[in-house]
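One structure is given here, and the rest of the page talks about it.
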Amino acid sequence: MNFTRAAEALGVTPGAASLQIRALEEYLSRALFRRNGRVVELTTEGAELLPRVQQALADLERALAATRGDRSGGPLRVTMLASFLQSWLLPRLPRLRAEHPRIDLQVHTSLNAVDLVRDDQHAAIRLGTGEWPGVAAEKLLDEWLVPVCTPELLGKHGPLKRREDIGRYPLVHSTSEPWTAWLLERKPATDDTTSPFTGTRVDDSAAVVRLALQGVGLALARWSLAGDDVAAGRLVVASNRPLSFFRTYWLLHSKHGREHPAFAQFREWLQGEMATFPRPPGL
């Protein structure tokens, strides 16, 4: 909304920028801007045109970046959820290093939508339903919600045999995996913050597991994040009634262009590790 700054961004004079805008408006036979002294505003036609132009320029930039950039060398860059990195991948990285010492893995954590070219990543690991535009998606691992706590807390309050038994426990709540999902056996609402029970509430799935490890309460945790602690005896499953989660883990990579030389090895190693990851009790 400032022709002088626009001209500086383009590397031309303000007069040249104004001439280009005027030429475009004459070509379209439509006014795109309202000028009131130094104040510039989009007209209705300009506001309608803007997002389409932005999308077209973004597509052009991504296409040129993908063609120009040599993405087949250097470290293998993979973006993933921070919770998955902390609770599942980190304990397994020594095995990756031992089995594939030549893989130079560089991890980026993000919850954002996947754009491998824009974010300069070779692959992504996401939790979802398998529907991501513009990338190839391979399913890696199913997910479940399970009630977990310390062995001491289970010994004090006993296992969950009925739904109302959770009333004996102090609870740990996650906004993305709320207790109502397990109680009602339904898909959780987005950012579900309603619950008939009190207790500690956080919006971080990995923090839910850490709170359970500290004995704060009974947590409804994603199995991928709690399974290793259960296997090690640090946590126990309070009910043999796991709930299948509506999102699962997927490996995303480009449909086009050359793959990074290490990607195939990393994918094979990842699939092997997930194939041996135990399923929750009660299935």
Side-chain angles (χ1 to χ4, degrees), residues 78 80-99 105 107 109 111 125-127 140-161 163 165-166 168-183 188 195 197 199-251 269-283:
V78 183
M80 62 189 67
L81 304 179
S83 58
F84 177 83
L85 170 65
Q86 295 167 18
S87 300
W88 194 94
L89 185 60
L90 281 183
R92 292 165 174 81
L93 281 182
R95 286 205 290 270
L96 174 64
R97 179 70 62 182
E99 296 174 22
L105 181 64
V107 175
T109 60
L111 290 170
I125 298 172
R126 288 290 190 270
L127 193 65
L140 289 173
L141 186 70
D142 288 320
E143 183 63 289
W144 297 270
L145 301 180
V146 292
V148 295
C149 63
T150 59
E152 294 77 16
L153 205 59
L154 182 68
K156 180 179 180 180
H157 297 293
L160 303 181
K161 296 181 179 179
R163 289 181 175 87
D165 289 343
I166 70 169
R168 301 196 300 263
Y169 280 87
L171 298 180
V172 177
H173 302 269
S174 166
T175 55
S176 55
E177 296 96 33
W179 273 105
T180 50
W182 187 79
L183 291 169
S195 173
F197 305 100
T200 304
R201 188 183 305 276
V202 295
D203 61 357
D204 184 316
S205 299
V208 167
V209 178
R210 289 195 292 273
L211 288 169
L213 286 166
Q214 294 170 9
V216 172
L218 180 70
L220 186 66
R222 297 212 309 263
W223 176 248
S224 64
L225 309 183
D228 286 343
D229 290 308
V230 172
R234 294 184 291 268
L235 291 175
V236 291
V237 176
S239 169
N240 287 338
R241 191 168 63 86
L243 175 66
S244 179
F245 197 44
F246 72 103
R247 293 190 179 103
T248 55
Y249 284 100
W250 296 76
L251 178 64
W269 174 84
L270 193 63
Q271 291 169 339
E273 288 288 331
M274 291 194 166
T276 60
F277 187 64
R279 290 153 65 90
L283 286 178

Inter- and intrachain pairs under salt bridge (Lys or Arg N to Asp or Glu O under 4.0 Å), touching residues 221-234, at least two apart: Arg92-Asp228, Glu143-Arg222, Glu177-Arg222, Asp229-Arg234
For Ala231, all residues meeting side-chain contact (heavy atoms from CB on, under 4.5 Å), sequence neighbours excluded: none
Under the salt bridge (charged side-chain N to carboxylate O under 4.0 Å, His left out) test, residues paired with Arg95 that sit two or more places apart: Glu273
By salt bridge (charged side-chain N to carboxylate O under 4.0 Å, His left out) - contacts of Arg241 (at least two apart): Glu185
Gap separating the OG atom of Ser224 from the CG atom of Leu140, nearest 0.5 angstrom: 11.5 Å
Nearest atoms (heavy-atom pairs only) where Leu145 meets Trp182: O-CD1, 4.2 Å
Any residue meeting salt bridge (charged side-chain N to carboxylate O under 4.0 Å, His left out) with Asp204, in chain and number order, not counting sequence neighbours: none
Partner set under salt bridge (charged side-chain N to carboxylate O under 4.0 Å, His left out) for Arg126, not counting sequence neighbours: none
Pro147 side chain reached by Tyr169 side chain, heavy atoms, under 4.5 Å: no
Arg97 atom CZ: more than 12 heavy-atom contacts under 6.0 Å: no
Inter- and intrachain pairs under salt bridge (Lys or Arg N to Asp or Glu O under 4.0 Å), touching residues 274-283, at least two apart: none
Sidechain-backbone polar pair: Arg201 side chain, His173 backbone, donor-acceptor under 3.5 Å: no
Listed partners of Tyr249 passing ring-ring contact (aromatic ring centres under 6.0 Å, His included), at least two apart: Phe84
Nearest atoms (heavy-atom pairs only) where Ala221 meets Ala226: CB-CB, 4.1 Å
Side chain proximity check, Val208 to Leu220, heavy atoms < 4.5 angstrom: no
Closest non-hydrogen atom pair, Ala206 against Leu225: N-CD1, 4.0 Å
With sequence neighbours excluded, residues passing side-chain contact (heavy atoms from CB on, under 4.5 Å) with Leu93: Leu89, Leu90, Leu96, Leu105
4.5 Å side-chain heavy-atom contact, Val236 and Cys149: yes
Which atom of Val202 lies closest to which atom of Ala207, heavy atoms considered: CG2-CB, 4.4 Å
Smallest separation among heavy atoms of Leu218 and Ala238, with atom names: CD1-CB, 3.8 Å
Residue list, side-chain contact (heavy atoms from CB on, under 4.5 Å) with Val230, at least two apart or on another chain: Val148, Trp223, Leu235, Val237
Spatial distance of atom CG (Leu127) from atom CD1 (Ile125) [nearest 0.5 Å]: 11.5 Å
Those residues that, when tested against Trp250, pass side chain to side chain donor-acceptor pair (under 3.5 Å) (two or more places apart): Thr248
Over all atoms of both residues, closest heavy-atom pair of Asp165 and Pro159: OD2-O, 3.9 Å
Euclidean distance, Leu251 CG relative to Leu141 CG, rounded to 0.5 Å: 12.0 Å
Side chain to side chain donor-acceptor pair (under 3.5 Å) partners of residues 145-161, not counting sequence neighbours, each pair once: none
